[in-house]
Amino acid sequence: MRYSKMLIPTLKEDPAEAEVISHKLMLRAGMIRKLATGIYSYLPLARRIFNKVEQIIREEMNRAGGQEVTLPSVQPSDVWEESGRWNLYGKELLRFKDRNSRDFCLGPTHEEVITDLIRREIRSYRQLPLNLYQIQTKFRDEIRPRFGLMRGREFTMKDAYSFDADEGSAEESYDRMFEAYNRIFERCGLEFRAVEADTGTIGGSFSHEFMVLADSGEDAIVSCDSCSYAANVEKAEIKGTDFVSGDRPRPRKGMNKVSTPGMKTVEEVTGFLKVPSRDLVKTLIYESDKGAVAILVRGDHEVNEAKLRSVLGCNELSLAGDETIAETTHAPRGFAGPVGLGVSITADNAVRQMSGFVTGGNEGDAHFTNVNLDDFKVDAFADIRMVTEDDPCPRCNGKLRLSRGIEVGHVFKLGTKYSEALGATFLDANGKEQLIVMGCYGIGVGRTVAAAIEQNHDEDGIIFPVPIAPFQVLILPINIDKNEVRDTSEFLYRSLNEEGYDVLLDDRDESPGIRFKDADLIGIPIRLTVSKRTLKEDVVELKSRRTGEVVLINKDSVLDEIRKRLSG
RNA sequence: CGGGACAUGGCUCAGUCUGGUAGAGCACUGCGUUCGGGACGCAGGGGUCGGGGGUUCAAAUCCCCCUGUCCCGACCA
């Protein structure tokens with residue numbers, strides 16, 4: 001391609017709307033433009049990058065036995081009613097009516113549609129296993145879209161679905177996809193880690209997320225220094241037996257009420273009473289679809305709402321408002337405690353190990369000290385808190401490390417959740433009707449591109465990994481009005497194109513400075529600078545975007561050098 | 001949905017507090033000079049100051065309502 005003919009509207013300054021680096025750089029490099037919150041147009045440069053990533057995905061999916069399909073993105077409510085998710089999915093599901101007032105939605109995912117297809121077409125175990133995938137635009141009316149392509153409302157997703165005759169075979173399908181995902185993200189040049197994950201609304205029994213390690217990531221993950229354990233903090237289990245239990249003397253019975261005027265936060269209370277925060281029990285009032293509940297965690301711990309949700313078995317869960325707090329505790333926010341509380345109490349396992357602790361007094365400006373477990377009734381103990389770096393690895397007791405990640409892929413073992421809901425069955429070898437065992441597997445294409453940029457950039461711009469670069473080589477002629485410069489550039493352009501490389505010839509009538517800056521910004525891996533200065537010696541300059549290395553190469557050996565650098 | 005901020009040529013922003021002729025830099029058009037790291041000169045074009053209402057002789061500026069955008073939390077590829 002000739003740069004002068006391409007729409008690559010680069011920006012000199014950071015746009016005000018962007019906060020994270022990948023978003024800024026994608027806007028500055030002229031890759032994307034925003035139409036509305038979380039909804040973007042992909043310009044030619046972005047399209048080329050997407051095509052590269054999608055091609056890698058296709059090759060690996062096909063290698064793993066997948067077949068590409070395209071399912072409708074406009075979906076009737078019927079199948080969603082059948083799965084039960086028409087009611088469960090909430091506002092994230094963008095719903096609308098057609099001219100006949102029939103309910104439809106824009107597909108946020110395709111379990112319903114694919115299961116509907118499969119239940120009609122699969123009759124026999126001889127047709128299994130089967131793996132179908134698509135690369136398609138999804139729509140989720142996210143509560144808070146942000147960071148450009150990192151969390152859009154409209155986004156490109158590869159979603160795959162596996163169908164198997166039994167659990168064992170389903171696990172093989174899962175492993176094959178797991179393997180394919182590893183290859184895909186490796187080929188995209190990403191530093192990533194597969195971690196155990198929570199299954200969320202998609203449902204299912206078992207899942208892994210593929211996390212690209214980046215400080216700007218929205219997810220926190222823990223990984224073990226000693227073994228292969230890694231998990232999303234939402235999921236990470238806590239080894240229940242390892243809490244330092246009461247080595248300290250058993251305190252005498254009898255709690256004391258103390259005045260704590262205006263002391264609402266854990267820091268304020270513990271600072272005021274001069275006790276460590278781990279000697280306080282934090283009482284949080286939550287509102288769930290089962291009414292108000294009280295949650296107890298140690299003062300230095302945080303509640304994990306994902307765990308809490310599954311422990312309580314509820315969908316709706318949020319911290320209670322001031323009104324509910326006043327109703328349940330008879331005190332303003334900041335003074336809730338378990339003693340004498342009228343609602344059901346769920347406590348974290350760590351609380352079981354505590355004694356002689358501080359709690360709220362259920363009365364304004366008052367706390368209790370020297371409280372013990374027999375001073376109130378806990379309805380259930382469970383693992384309901386976030387892991388910390390101080391917790392031991394749940395597998396090997398090793399040291400856990402916290403880091404941040406961008407979730408670019410997610411694999412789920414679904415089991416028979418959807419086949420049961422929609423009645424997707426087959427006849428086994430014995431002529432017996434069985435439920436199809438399913439799995440589903442997603443990759444956020446745009447997010448993968450954004451993550452790649454987060455991991456590969458410097459102060460001058462993007463540094464694309466070769467496999468996903470929009471062009472592999474950029475030719476930058478300096479004095480294009482000189483015949484020898486133009487002829488050499490054109491010659492290189494033609495020959496590289498003939499060799500099948502993606503080449504961008506910057507033939508714009510712009511100053512060299514502008515073109516050098518743009519070259520760095522859009523991150524093409526190899527830059528060839530052709531100028532009359534070097535042509536005197538019959539050489540052109542080759543610069544690696546990643547290393548900054550500059551070499552002069554005889555113009556007749558350029559092809560060989562590029563071949564050498566771009567192979568493997 | 002809760003909390004915070006912002007909205008002025010294509011972009012980045014000043015002007016708002018203290019009401020009085022809409023500005024700068026970049027970008028854009030034409031001509032000329034430049035040409036290895038965001039060049040220079042001259043001449044130009046381009047803005048209902050997010051929208052609506054109000055106060056005032058007078059509103060980008062003060063007041064009310066709405067909309068949009070961004071950031072922090074719960075949702076997710």
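Per chain, numbering begins at 1; letters A, B, ... match sequence-line order. All of these numbers come straight from a predicted model, not from anything done at the bench.
- Within 4.0 Å of A:D159, counting heavy atoms only, lies no atom of the nucleic acid at all.
- Under the Watson-Crick or G-U wobble criterion, with both distances below 3.5 Å, B:rG2 is paired with B:rC72.
- Using a 4.0 Å heavy-atom distance criterion, A:R33 is classed as making no nucleic acid contact.
- With a cut-off of 3.5 Å on both Watson-Crick or G-U wobble distances, the partner of B:rC35 is given as none.
- For B:rC76, its base sits under 3.5 Å from the side chain of A:R151 at one donor and acceptor pair at least.
- Counting only heavy atoms from C-beta outward, the side chains of A:R404 and A:D219 never approach each other to under 4.5 Å.
- At a threshold of 4.5 Å between non-hydrogen side-chain atoms, the residues A:S207 and A:V411 do not count as touching.
- Across the C1' atoms, B:rG19 and B:rA60 are found 10 Å apart, a figure rounded to whole Å.
- Among the protein residues, A:K34 comes within range of the sugar-phosphate backbone only, with heavy atoms under 4.0 Å from sugar or phosphate atoms but none that close to a base.
- At a threshold of 4.0 angstrom between heavy atoms, the contacts of A:T534 include nucleobase atoms, whether or not backbone atoms are also involved.
- In this structure B:rU21 sits in no base pair that meets the Watson-Crick or G-U test at under 3.5 Å.
- Atom NZ in A:K12 sits roughly 9 Å away from atom P in B:rG38 (whole-Å rounding).
- Geometrically, A:R95 engages A:W86 in a cation-pi contact, judged by NZ or CZ lying under 6.0 Å from the ring centre and within 45° of the ring axis.
- If A:H23 and A:K517 are placed on RNA chain B by their nearest nucleotide, the residue sitting closer to the 5' end is A:K517.
- Distance check on atom P: B:rC57 versus B:rC13 gives 37 Å, rounded to whole Å.
- Stacking of A:R48 on the aromatic ring of A:F471 is recorded, both the 6.0 Å distance cut-off and the 45° axial limit being met.
- Checked by distance alone, A:E541 brings a side-chain donor or acceptor within 3.5 Å of a matching partner on the base of B:rG36.
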When every nucleotide of nucleotides 1-9 of chain B is labelled 5' to 3' by its protein contacts under 4.0 Å (heavy atoms), B for base, S for sugar-phosphate only, - for none, what sequence of letters results?
B--------

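- Pairing partner, B:rU56: none, since no Watson-Crick or wobble contact has both distances short of 3.5 Å.
- The same atom, P, is picked in B:rU8 and in B:rA14; the two are 10 Å apart, to the nearest Å.
- Distance CD (A:E218) to C1' (B:rA77): 11 Å, rounded to an integer number of Å.
- Across all strands shown, A:E142 has heavy atoms under 4.0 Å from base atoms, whether or not it also approaches the sugar-phosphate.
- In this structure, A:A18 reaches neither bases nor backbone, as no heavy-atom distance under 4.0 Å exists between it and the strands shown.
- Contact check, A:S511 against B:rC35: no side-chain N or O comes under 4.0 Å of OP1 or OP2.
- Listed nucleotides: B:rC76, B:rC35, B:rG38. Nearest to the side chain of A:D219: B:rC76.
- Rounded to whole Å, the distance from CD1 on A:I514 to C1' on B:rC28 is 13 Å.
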Quick one, A:E549 with A:K543, criterion salt bridge (Lys or Arg N to Asp or Glu O under 4.0 Å). Give me CA distance, side-chain angles, the key distance, then yes/no.
CA-CA 6 Å; A:E549 169 208 19; A:K543 182 172 183 185; over 6 Å; no

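- Using a 4.5 Å heavy-atom cutoff, the side chains of A:I443 and A:I184 are in contact.
- Looking at the side chain of A:I478, the nearest of the listed nucleotides B:rA77, B:rG36, B:rA74 is B:rG36.
- Separation of the P atoms belonging to B:rG10 and B:rU48 is 9 Å when rounded to the nearest angstrom.
- Between A:F412 atom CZ and B:rA77 atom C1' the separation is 9 Å, expressed in whole Å.
- Here, B:rG20 and B:rG25 have their P atoms 23 Å apart, quoted to the whole Å.
- A:G90 comes within 4.0 angstrom of nothing in the nucleic acid, heavy atoms only.
- Rounded to whole Å, the C1' atom of B:rA22 lies 13 Å from the corresponding atom of B:rU16.
- Taking the P atoms as reference points, B:rC49 lies 14 Å from B:rG23, given to the whole Å.
- As judged by a 4.0 angstrom heavy-atom cut-off over every strand, A:T156 is placed among residues making no nucleic acid contact.
- Looking at heavy-atom distances under 4.0 Å, A:P15 makes contact with sugar-phosphate atoms alone, never a base.
- Between A:L149 and A:A36, the residue anchored closer to the 5' end of RNA chain B is A:A36, taking for each the nucleotide with the nearest heavy atom.
- Counting atom types as modelled, A:S531 pairs a side-chain N or O with a base atom of B:rG36 as donor and acceptor under 3.5 Å.
- Figure legend. B:rU16 is base-paired to no nucleotide; pairs are counted as Watson-Crick or G-U wobble with both atom distances under 3.5 Å.
- Straight-line distance between the P atoms of B:rA7 and B:rG50: roughly 8 Å, to the nearest whole Å.
- B:rA77 is unpaired under the criterion used here, namely a Watson-Crick or G-U wobble arrangement in which both key atom distances are under 3.5 Å.
- In this entry the distance linking CZ of A:R146 with C1' of B:rA77 reads 14 Å, nearest Å.
- The aromatic ring centres of A:Y42 and A:F50 sit less than 6.0 Å apart.
- In this entry the distance linking NZ of A:K24 with C1' of B:rU12 reads 13 Å, nearest Å.
- If you check B:rG38, B:rC13, B:rC76 against the side chain of A:D518, the one that comes closest is B:rG38.
- Evaluation of atom-type donor-acceptor distances gives no pair under 3.5 Å for the side chain of A:R527 against the base of B:rG36.
- At the heavy-atom level, A:K482 lies nowhere under 4.0 Å from the strands shown.
- A 3.5 Å limit on both hydrogen-bonding distances identifies B:rU29 as the Watson-Crick or G-U partner of B:rA43.
- For B:rG9, there is no paired base (Watson-Crick or G-U wobble, both distances below 3.5 Å).
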What's the verdict on salt bridge (Lys or Arg N to Asp or Glu O under 4.0 Å) for A:E60 and A:R63, showing C-alpha distance, side-chain angles and the deciding distance?
CA-CA 5 Å; A:E60 295 302 334; A:R63 182 209 294 267; 2.9 Å; yes

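- Taking only side-chain atoms of A:N479, from C-beta outward, the nucleotide of B:rG36, B:rU12, B:rA77 with the closest atom is B:rG36.
- A straight line from NE2 of A:H410 to P of B:rA77 spans 6 Å, rounded to a whole angstrom.
- Between A:R2 and A:D506 the shortest side-chain heavy-atom distance does not fall below 4.5 Å.
- A:R545 places none of its side-chain heavy atoms less than 4.5 Å from the side chain of A:I524.
- Ranking B:rC75, B:rA74, B:rG36 by closeness to the A:E305 side chain, first place goes to B:rA74.
- Under the 4.5 Å side-chain criterion, counting only non-hydrogen atoms from C-beta, A:K555 is not in contact with A:T534.
- At the heavy-atom level, A:T37 lies under 4.0 Å from the strands shown only through sugar-phosphate atoms.
- Using a 4.0 Å heavy-atom criterion, one finds that A:D481 contacts no nucleic acid atom at all.
- Whole-Å rounding puts the A:E407 CD to B:rC75 C1' distance at 11 Å.
- Checking A:K12, A:R28, A:R508 one by one against A:D518, the side chain to side chain contact (heavy atoms under 4.5 Å, CB included) holds for a single residue, A:R508.
- Counting any heavy atom pair closer than 4.0 Å across all strands shown, A:Y441 reaches no nucleic acid atom.
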